There are 2 protein chains.
Amino acid sequence: MKAGLNKEKIIEKAAELAEKNGLSGVSMKALADELGIKPPSLYKHFGGGLEELNKELMLYGWRLLDGEITKAVIGKAKDDAVIALCHAYRGFVVSHKGLYEAMQWYDMYQSEEHMQASGGAVEIMYRALGSYDMTEEQKVHTVRLVRSFLQGFSTIEVHIGNARRVPLDDSFDFALNTILGGIAGMQKDR
Amino acid sequence: MKAGLNKEKIIEKAAELAEKNGLSGVSMKALADELGIKPPSLYKHFGGGLEELNKELMLYGWRLLDGEITKAVIGKAKDDAVIALCHAYRGFVVSHKGLYEAMQWYDMYQSEEHMQASGGAVEIMYRALGSYDMTEEQKVHTVRLVRSFLQGFSTIEVHIGNARRVPLDDSFDFALNTILGGIAGMQKDR
DNA sequence: TATAATAGCTAATTATATTAGCTAAAAGTG
DNA sequence: CACTTTTAGCTAATATAATTAGCTATTATA
């Protein structure tokens with residue numbers, strides 16, 4: 001019996017699996033079981049095997065995140081835009097910890113498609129910085145700073161969970177304010 | 001013939017392997033080959049198998065990094081200390097990309113030993129912040145901010161390499177200055 | 001020197017990814 | 001509508017890695 005599957009449905013199931021069991025839980029075997037088919041059948045959809053599957057899952061996540069960020073920033077500018085973007089990023093990670101792990105797949109930075117999928121977010125960030133008084137180079141630096149912070153904070157949060165004496169929420173807001181304050185300061189000094 | 005191995009020698013070889021082929025290149029098979037023994041023999045040293053090996057490798061890396069950071073911060077205070085710490089961290093990552101990947105092993109945050117191994121660095125960071133005019137809570141936030149930045153920046157650098165129009169060195173210094181400026185600003189506002 | 005512990009080995013087991021080749025269902029075509 | 005082609009599943013087989021069981025020689029120790 002044909003199960004009527006396609007790439008999209010399979011990736012969605014893979015994302016579910018990643019949420020439930022982490023990226024290491026996304027195996028050909030586990031995924032096939034979950035879909036009610038046999039592992040070799042997956043190769044009809046992903047000729048590149050597990051490698052291709054991981055890559056598609058990564059891209060799926062980045063596209064989803066890109067959508068969220070885009071929505072969050074609409075109609076905002078400057079600090080407000082950066083704040084909205086950062087909260088959207090963190091919100092996404094917190095509610096998709098498993099998928100976020102898949103998004104960090106080792107090959108993410110080599111992939112052209114990843115550039116496209118996450119390029120939206122970077123583009124949005126540049127635009128948010130557009131109204132600051134900065135050189136182009138400084139904007140590049142700033143985007144890298146914010147990306148680094150978001151990525152580092154998210155990774156740590158995903159792993160250590162939330163049961164700390166000082167809440168992560170507070171640390172996130174503090175850090176964001178500190179960075180924005182620093183950016184404002186840099187502008188004056190320039 | 002007995003090869004005269006012990007945990008330490010094996011871990012050092014594993015670290016070499018990680019440098020050469022990435023964490024995924026550290027398999028029982030590859031490691032045994034490299035050491036001139038058969039895979040099952042490794043279980044005499046690491047009863048916990050690959051899991052234990054990964055964990056030990058992670059700890060080895062953090063202890064090494066802790067040493068570097070400690071050295072770098074000696075005799076420095078405040079911004080100088082933070083700057084030295086950050087440069088030491090980044091320097092370590094850049095020259096140990098493979099090992100750093102192993103240090104990010106999924107279990108790092110759950111492990112008590114990791115707390116110990118990386119606790120030194122955190123302790124040093126707290127001390128560096130000791131002379132700032134901050135509440136204890138703000139210090140926690142600040143440590144988290146700096147850790148997030150270092151971790152995020154490092155991860156990105158390890159993956160994308162260095163061939164960019166705007167050099168990563170410059171972005172690192174810019175980001176560090178921005179953060180330090182932000183921290184200074186937060187103190188005044190408090 | 002005798003004994004115990006250690007660190008290696010081979011052989012076998014398990015698990016997963018993957019390939020090859022088969023077949024029925026679906027989709028298109030005269 | 002009958003025919004053909006493509007597709008999406010299957011089973012069987014292969015390759016590789018981790019791991020376990022049980023054997024043995026070397027080393028360390030009583």
Side-chain angles (χ1 to χ4, degrees), chain A residues 1-60 98 101-102 104-108 110-111, chain B residues 1-60 98 101-102 104-108 110-111:
Chain A
M1 2 93 209
K2 295 217 181 180
L5 295 174
N6 56 36
K7 277 198 175 196
E8 190 164 334
K9 284 181 192 168
I10 295 174
I11 290 294
E12 275 163 15
K13 188 63 84 175
E16 266 179 48
L17 261 181
E19 285 309 330
K20 225 186 328 174
N21 306 327
L23 184 56
S24 68
V26 181
S27 63
M28 297 307 252
K29 167 111 172 62
L31 184 54
D33 282 356
E34 202 68 23
L35 292 164
I37 62 176
K38 302 291 171 182
S41 306
L42 285 170
Y43 290 78
K44 295 293 152 130
H45 301 277
F46 298 90
L50 195 54
E51 175 108 355
E52 187 184 345
L53 189 78
N54 279 328
K55 185 171 175 173
E56 292 290 340
L57 187 55
M58 170 197 79
L59 292 171
Y60 170 82
E101 194 189 341
Q104 301 304 313
W105 185 53
Y106 75 97
D107 212 22
M108 63 178 275
Q110 265 73 51
S111 135
Chain B
M1 3 110 209
K2 294 215 179 179
L5 296 173
N6 55 36
K7 276 197 175 196
E8 191 165 333
K9 285 182 193 167
I10 296 175
I11 290 294
E12 275 163 15
K13 188 62 84 176
E16 266 179 48
L17 261 181
E19 285 310 329
K20 223 184 332 174
N21 306 326
L23 184 56
S24 68
V26 182
S27 63
M28 297 307 254
K29 168 109 172 58
L31 184 53
D33 282 356
E34 202 68 23
L35 291 164
I37 61 176
K38 301 292 171 182
S41 307
L42 286 169
Y43 290 79
K44 296 292 153 125
H45 301 277
F46 297 91
L50 195 55
E51 176 107 356
E52 188 185 344
L53 188 78
N54 278 326
K55 186 172 175 173
E56 293 290 340
L57 187 56
M58 168 196 81
L59 293 171
Y60 170 82
E101 195 190 342
Q104 302 304 315
W105 184 53
Y106 75 97
D107 212 22
M108 63 178 273
Q110 264 74 53
S111 133

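What you are looking at is a predicted structure, and each value in this text was computed from that prediction instead of being measured. We name chains A, B, ... by the order of the sequence lines, and we start the count at 1 in each one. As a basis for the values below, the full set of heavy atoms in this structure was taken, side chains included, without hydrogen atoms, waters or symmetry mates.
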* C:dG8 phosphate, OP1 or OP2: any side-chain N/O from B:H45 under 4.0 angstrom? ->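 It does, given that an N or O in the side chain of B:H45 lies less than 4.0 Å from OP1 or OP2 of C:dG8.
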* **Presence of B:S41 side-chain N/O under 4.0 Å of C:dC9 phosphate oxygens OP1/OP2** =>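 Checking C:dC9 against B:S41, a side-chain N or O does come within under 4.0 Å of OP1 or OP2.
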Could you tell me how far apart [X] ([atom1]) and [N] ([atom2]) are, to the nearest whole angstrom?
X: B:N6; N: C:dG8; atom1: CG; atom2: P; value: 10 Å
X: A:M28; N: D:dA15; atom1: CE; atom2: P; value: 19 Å
X: A:F46; N: D:dG9; atom1: CZ; atom2: P; value: 11 Å
X: A:K9; N: D:dG9; atom1: NZ; atom2: C1'; value: 15 Å
X: B:L42; N: D:dA17; atom1: CG; atom2: C1'; value: 13 Å
X: B:L31; N: D:dA17; atom1: CG; atom2: P; value: 13 Å
X: A:D33; N: D:dG9; atom1: CG; atom2: C1'; value: 15 Å
X: A:L50; N: C:dT19; atom1: CG; atom2: P; value: 12 Å

* Asked: How many angstroms lie between atom CG of B:L31 and atom CG of B:L35, to the nearest 0.5 angstrom?
  ->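 If we round to the nearest 0.5 Å, B:L31:CG and B:L35:CG are 4.5 Å apart.
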* Do B:E51 and B:F46 have side chains that get closer than 4.5 Å, going by heavy atoms? ->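 SC-SC contact between B:E51 and B:F46 ruled out.
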* **Close side-chain approach of A:E16 to A:E19, heavy-atom, < 4.5 Å** =>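 Sidechains of A:E19 and A:E16: no contact.
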With the side chain of [X] defined as its heavy atoms from C-beta on, choose the nearest nucleotide among [options].
X: A:L5; options: C:dT18, D:dG9, C:dC9; result: D:dG9
X: A:P40; options: C:dT19, D:dG9, D:dT19; result: C:dT19
X: A:K29; options: C:dG8, C:dT16, C:dT18; result: C:dT16
X: B:K44; options: C:dA7, C:dA17, D:dG9; result: C:dA7
X: B:I37; options: D:dT19, C:dT18, C:dC9; result: C:dC9

* Asked: Between the base of D:dG9 and the side chain of A:K38, is there a donor-acceptor distance below 3.5 Å?
  ->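 It does not, because no donor-acceptor pair links the side chain of A:K38 to the base of D:dG9 below 3.5 Å.
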* Atom CD of A:E8 with >12 non-hydrogen neighbours under 6.0 angstrom ->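 It does not: A:E8 CD has 12 such atoms or fewer within range.
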* **Carboxylate-amine/guanidinium contact B:K7 B:E52, below 4.0 Å** =>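 Yes, charged N to carboxylate O under 4.0 Å.
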